[in-house]
Asks: 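Before I ask anything, let me first share the structure, which is written out below as structure tokens.
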Amino acid sequence: MKYTQLGRTRLKVSRLVLGTMNFGRHTEEADAHAIMDSALGAGVNFFDTANIYGGKGRTEEILGAWFAKGGGRREKTVLATKVYGDMSPEGDPWPNRDRLSALNIRHACEASLKRLGTDHIDLYQFHHIDRTTPWEEIWQAVDVLVQQGKVLYAGSSNFPGWGIAQANETAARRGSLGLVSEQCLYNLVERRAEMEVIPAAQEYGLGVVPWSPLHGGILGGVLRKQSEGRTARSGSGLWAKMLEDPAERARVQAYEDLCGKHGIDPGDVGLAWLLTRPGVTGPIVGPRVQEQFDSALRAVDLELPEEFLAALDEIFPGPGPAPEAWAW
């Protein structure tokens, strides 16, 4: 496994991130534990989850049970979870159980720590921007958690470029470290993050952690799988919508033809391409089964030649930087 530093921090993380969103929903606990053991054995030390995954806390509980097995599992893992989603129990709606108020951040963090069975969260991420909570309040809550040793670093997810700037300018005025990572939708098909989000992340020293690196499976050889009578459960709706457009279908076909010409699996290419992008720490791979994780490991050692990268840009061109992307 290869490692890099997370943004401007000295924290070293693997260039693949194990995403756990399927654990507890599509992947049983025993299978999830086996995948996490395999990931750690392969050198993947960066695990990503969220308090809402698996149905309001279930995924965090699965990780907590895995950590409880010992064997250095928690000590070897850089643990990232998220706060923002509504964690009210079913049938018991109540204020202050979602978003980024200081009260919810405090309560949500304590609840995540309990489910995860740990005394600290390495990377506490804001799952979405909260336009109604001032950053002074957010950083006050986070700074207390840092001082208590319950959180080490803070990160963002699904933030616009201006949100990253606003967050870190406020943190700088407070003398706080601020955001150190941004988790965003980014892949060959969806490159709009290149306009402002990734430049902002680079300017402020945030590591970029792309989610949905294969765009719901579209970059994983979907047309070949269709021709073979195979489809995957997740992403099928996205496939159907995108592939109804003849132009989009032609782009995906050209991509699969290019990969086939070079004898490379399309899924490996989608991940390996992200590893070549400036500012990217590592993509999140969210396996449902062991085989999906095993195949993702190949991408770390896959070197894509310049001519191949240029051909990918022709099929899936980027939007260009802001403001040039829309101004001229």
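Quantities reported herein were computed from a predicted structural model and do not represent experimental measurements.
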Asks: With side chains defined as the heavy atoms from C-beta onward, is the minimum distance between Q183 and V208 less than 4.5 Å?
Replies: no
Asks: Does atom CD (E306) have a neighbourhood of more than 12 heavy atoms from anything else shown, all under 6.0 Å?
Replies: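 Counting neighbours around CD of E306, 12 or fewer heavy atoms of other residues, nucleotides or ligands fall under 6.0 Å, so no.
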Asks: Nearest 0.5 angstrom please: L145 CG to L113 CG, how far?
Replies: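 Between atom CG of L145 and atom CG of L113 there are 8.0 Å.
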Asks: So W66 and F47, do their side chains get closer than 4.5 Å, heavy atoms only?
Replies: yes
Asks: Please answer: with hydrophobic residues joined when any side-chain heavy atoms are less than 4.5 Å apart, are F46 and Y53 in the same cluster?
Replies: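 Shared cluster, no.
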Asks: Measuring from R15:CZ to N45:CG, what's the distance to the nearest 0.5 Å?
Replies: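 These two atoms lie 13.0 Å from each other.
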Asks: Look up atom CG in L179 and atom OG in S157, then write down how far apart they are to the nearest 0.5 Å.
Replies: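 Going from the CG atom of L179 to the OG atom of S157 covers 11.0 Å.
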Asks: Look at the side chain of T59 and the backbone N and O of G54, then say whether any donor-acceptor pair between them is shorter than 3.5 Å.
Replies: yes
Asks: For the hydrophobic clusters of this structure (ILVMFWY residues joined by side-chain heavy atoms under 4.5 Å, transitively), does one cluster hold both V197 and M195?
Replies: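 No, it is not one cluster - the side chains of V197 and M195 are not joined through contacts under 4.5 Å.
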Asks: Heavy-atom count check: over 12 atoms from other residues, nucleotides or ligands less than 6.0 Å from M21 CE?
Replies: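 No, not enclosed.
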Asks: Does K82 pair with D48 as a salt bridge, N-O distance under 4.0 Å?
Replies: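 Between D48 and K82 there is a salt bridge, with a charged N closer than 4.0 Å to a carboxylate O.
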Asks: State the CD-CD distance between E182 and Q202, to the nearest 0.5 angstrom.
Replies: 12.5 Å
Asks: For R25, is the CZ atom crowded, meaning more than 12 foreign heavy atoms sit under 6.0 Å from it?
Replies: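 Open.
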Asks: Would the number of heavy atoms belonging to other residues, nucleotides or ligands and lying under 6.0 Å from NZ of K76 be above 12?
Replies: no
Asks: For residues Y186 and W273, establish whether the separation of their ring centroids is below 6.0 Å.
Replies: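 So the answer is yes for these two rings.
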Asks: Answer yes if Y153 and L18 sit in the same cluster of Ile, Leu, Val, Met, Phe, Trp and Tyr residues linked by side chain heavy atoms under 4.5 Å apart, and no otherwise.
Replies: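 Unlinked, Y153 and L18 end up in two clusters.
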Asks: Quick one: pull up CG in L100 and CZ in R131 and give me the separation to the nearest 0.5 Å.
Replies: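 Reported to 0.5 Å precision, the distance equals 12.0 Å.
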Asks: So, R224 and D265, do they make that salt bridge, N to O below 4.0 Å?
Replies: yes
Asks: If you define the side chain from C-beta out and look only at heavy atoms, does anything of Q292 sit under 4.5 Å from V285?
Replies: no
Asks: Take atom CZ of R97 as the centre, draw a 6.0 Å sphere, and report whether it contains more than 12 heavy atoms from other residues, nucleotides or ligands.
Replies: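 Yes.
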Asks: Is it the case that one hydrophobic cluster holds both V252 and F308, taking links as side-chain heavy atoms less than 4.5 Å apart, direct or via other members?
Replies: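 Yes; F308 is reachable from V252 via cluster members.
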Asks: Can a salt bridge be assigned to the pair K2 and E303 using a cut-off of 4.0 Å between side-chain N and carboxylate O?
Replies: yes
Asks: Would you indicate whether W94, at its atom CH2, is surrounded by more than 12 heavy atoms from other residues, nucleotides or ligands within a distance under 6.0 Å?
Replies: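 Count not over threshold, so no.
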Asks: So, are R74 and D122 salt-bridged, with charged N and O less than 4.0 Å apart?
Replies: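 Counted as a salt bridge, because a side-chain N and a carboxylate O are separated by less than 4.0 Å.
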Asks: Check whether the side chains of S112 and E60 place a donor and an acceptor atom closer than 3.5 Å, and report yes or no.
Replies: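 Yes, a side-chain donor-acceptor pair sits under 3.5 Å.
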Asks: Checking side-chain polar atoms at under 3.5 Å, does D257 have a donor or acceptor matched by the opposite partner on Q253?
Replies: yes
Asks: Would you call the rings of F126 and F159 parallel, tilted or perpendicular if under 30° counts as parallel and over 60° as perpendicular?
Replies: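 Ring orientation, 0 to 90° scale: parallel.
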Asks: Measuring from atom CD of Q5 to atom NZ of K12, what distance do you get when rounded to the nearest 0.5 angstrom?
Replies: 7.0 Å
Asks: Take atom CD in E28; do more than 12 heavy atoms of anything else shown fall under 6.0 Å from it?
Replies: no
Asks: Do other residues, nucleotides or ligands put more than 12 heavy atoms under 6.0 Å from R58 CZ?
Replies: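 For R58, atom CZ is crowded (more than 12 foreign heavy atoms under 6.0 Å).
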Asks: Strictly distance-based, threshold 3.5 Å: is any side-chain N or O of D130 a donor or acceptor partner for the main-chain N or O of R99?
Replies: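 Here the side-chain-to-backbone pair does not exist.
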Asks: Whether the side chain of Q125 engages the backbone of S156 through a donor-acceptor N/O pair (distance < 3.5 Å, no angle test) should be reported.
Replies: no
Asks: Please determine whether side chain to side chain contact (heavy atoms under 4.5 Å, CB included) holds for the pair K69 and H33, giving the CA-CA distance in whole Å, both sets of side-chain angles, and the decisive distance to 0.1 Å.
Replies: CA-CA 10 Å; K69 291 182 176 181; H33 285 193; 3.0 Å; yes
Asks: Under 4.0 Å between a Lys/Arg side-chain N and an Asp/Glu carboxylate O for E228 and K225?
Replies: no
Asks: Quick one: do the S176 and D143 side chains pair a donor with an acceptor below 3.5 Å?
Replies: yes
Asks: Is the backbone of Q166 close enough, under 3.5 Å, to the side chain of T170 for a donor and an acceptor to pair up by distance?
Replies: yes
Asks: Could you walk me through whether L312 and V269 pass side chain to side chain contact (heavy atoms under 4.5 Å, CB included), step by step?
Replies: CA-CA 10 Å; L312 290 174; V269 171; 4.0 Å; yes
